[in-house]
Every structure is written in structure tokens, then in C-alpha cells.
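Reviewing the structure listed below.
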Amino acid sequence: MKIKRNESFRFHFDEPVAGEFYLVKGGQRTPIGSMNIHNISPSGMAIATPLKLPIDRSMSIVVEFSLIRGLEPLKLNGRILHEKWLDSQRLYGIRLETTKDEQQQIIDTIKQVVKATS
């Protein structure tokens, strides 16, 4: 799947990384759902889930995951931008609302993942 990105890099996982998410709108939050991260950048990610998620700019998604086992999970806010089918699941593009520190934390963690798999 090719999607144009205006980012310096996007890391694609050989095996998707498991995580959890929930949606928030108007102070109300949904139950936790499971997801698999297919790729990530400092300001975005693609997740797959069997759940049908609404694409609503007024709704935020909170994702929680750890790219390295034993490391404290990252908990990031974002917005769902688009949806595509991937086998029997839906693949969602998420624009993360990350701070400079969170972006650097993502970059540093990806570097550790690359180093561990090399």
C-alpha cells in the first residue's frame, strides 16, 4: 500500500506490534480495543483492527503500545484520517498529536528496534 507522506521517514514492521486504543469524544471514552501497528513515524502510524472505527475529526484516539518488550508503553493522542481494508481487518491511518519530546522518544525507540534486529 503506497500513501504519500510528507515525513522524513516511516518505519514498517516485519511483524505488526500489538497495542491497545480507545476513542474519546466530548469527554466520553469507549472501552479498550486491540490493535496491531503496521508502521510508525514521529507524527503518524497505521494500525489494523477488526473493529469499525468512525472517521470523525472531533473524536480523538488514544493509542498505547511498547515497541520494545519491557519498556514503559507510549501513550499518544491522535486523529483517525482514513481507512482501508487489509485482509479481514481495517487499516487506519492516524495523525499523532505528538510533542517534540514524544517525537524524539519515538525516533530513539525505533533506532533501538533497528539495532536489535540488525
Side-chain angles (χ1 to χ4, degrees):
M1 174 177 74
K2 294 280 184 188
I3 298 174
K4 288 188 176 188
R5 303 279 182 228
N6 295 325
E7 299 176 290
S8 56
F9 74 91
R10 181 166 285 267
F11 183 78
H12 296 267
F13 297 100
D14 292 333
E15 290 292 323
V17 174
E20 296 178 332
F21 72 91
Y22 59 89
L23 304 174
V24 179
K25 183 174 182 177
Q28 299 292 322
R29 134 182 194 173
T30 64
I32 292 175
S34 63
M35 66 176 188
N36 285 312
I37 303 169
H38 285 256
N39 62 60
I40 190 169
S41 75
S43 60
M45 64 190 335
I47 66 165
T49 180
L51 302 173
K52 170 75 171 143
L53 305 179
I55 299 175
D56 179 348
R57 303 286 173 151
S58 67
M59 181 177 297
S60 64
I61 184 169
V62 179
V63 294
E64 189 168 345
F65 60 93
S66 181
L67 299 179
I68 299 174
R69 191 168 295 180
L71 212 64
E72 185 170 329
L74 293 171
K75 188 173 185 176
L76 304 170
N77 293 318
R79 305 268 178 214
I80 300 171
L81 298 180
H82 58 82
E83 170 189 23
K84 290 191 175 200
W85 279 99
L86 177 68
D87 301 322
S88 63
Q89 295 193 334
R90 292 173 170 90
L91 186 69
Y92 292 95
I94 298 173
R95 168 67 58 197
L96 296 173
E97 298 168 345
T98 50
T99 64
K100 292 288 184 193
D101 288 341
E102 289 169 331
Q103 290 178 2
Q104 190 59 52
Q105 189 175 9
I106 291 169
I107 292 167
D108 293 343
T109 306
I110 290 170
K111 287 179 181 178
Q112 291 177 36
V113 169
V114 169
K115 189 175 181 179
T117 58
S118 298

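Sequential numbering from 1 along the given sequence is applied to the chain's residues.
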Which atom of Arg95 lies closest to which atom of Ser43, heavy atoms considered:
NH1-OG, 2.9 Å
Any Thr117 side-chain heavy atom under 4.5 Å of Asp14 side chain
no
For Met35, the option from Ile61, Leu53, Val63 that meets side chain to side chain contact (heavy atoms under 4.5 Å, CB included)
Val63
Is there a donor-acceptor pair under 3.5 Å between the side chain of Asp87 and the backbone N or O of Gln89?
no
So Glu20 and Ser34, do their side chains get closer than 4.5 Å, heavy atoms only?
no
Side-chain donor/acceptor of Glu102 to backbone N/O of Thr99, under 3.5 Å:
yes
Nearest-0.5 Å distance, CD1 of residue Ile80 to CD1 of residue Ile47
6.5 Å
So do Arg57 and Leu81 actually touch side chain to side chain, heavy atoms under 4.5 Å?
yes
Nearest heavy-atom neighbours spanning Pro42 and Gln103:
O-CG, 3.3 Å
Could you tell me whether a side-chain N or O of Thr30 sits under 3.5 Å from a main-chain N or O of Leu23, the two making a donor and an acceptor?
yes
Just checking, any donor-acceptor pair under 3.5 angstrom between side chains of Asp101 and Gln105?
no
At their closest point, which heavy atom of Arg10 faces which heavy atom of Ala46, and how far apart are they?
NH1-N, 4.0 Å
Provide the closest heavy-atom pair for Ser66 versus Glu72 in the form atom of the first, atom of the second, distance.
OG-O, 4.4 Å
Could you tell me whether Lys115 atom NZ has more than 12 heavy atoms of other residues or ligands within 6.0 Å of it?
no
Do Tyr92 and His82 come close enough that some side-chain heavy atom pair is under 4.5 Å?
no
Do Ile40 and Val17 make a side-chain contact, defined as non-hydrogen atoms from C-beta onward lying under 4.5 Å apart?
no
I'd like to know if the side chain of Thr49 pairs up with that of Arg90 as donor and acceptor (distance under 3.5 Å, no hydrogens or angles considered).
no
Run the side chain to side chain donor-acceptor pair (under 3.5 Å) check on Asp108 and Gln104 step by step: do they pass?
CA-CA 6 Å; Asp108 293 343; Gln104 190 59 52; 2.8 Å; yes
Selection residues 13-67 - residue pairs positive for ring-ring contact (aromatic ring centres under 6.0 Å, His included), sequence neighbours left out
Phe11-Phe13
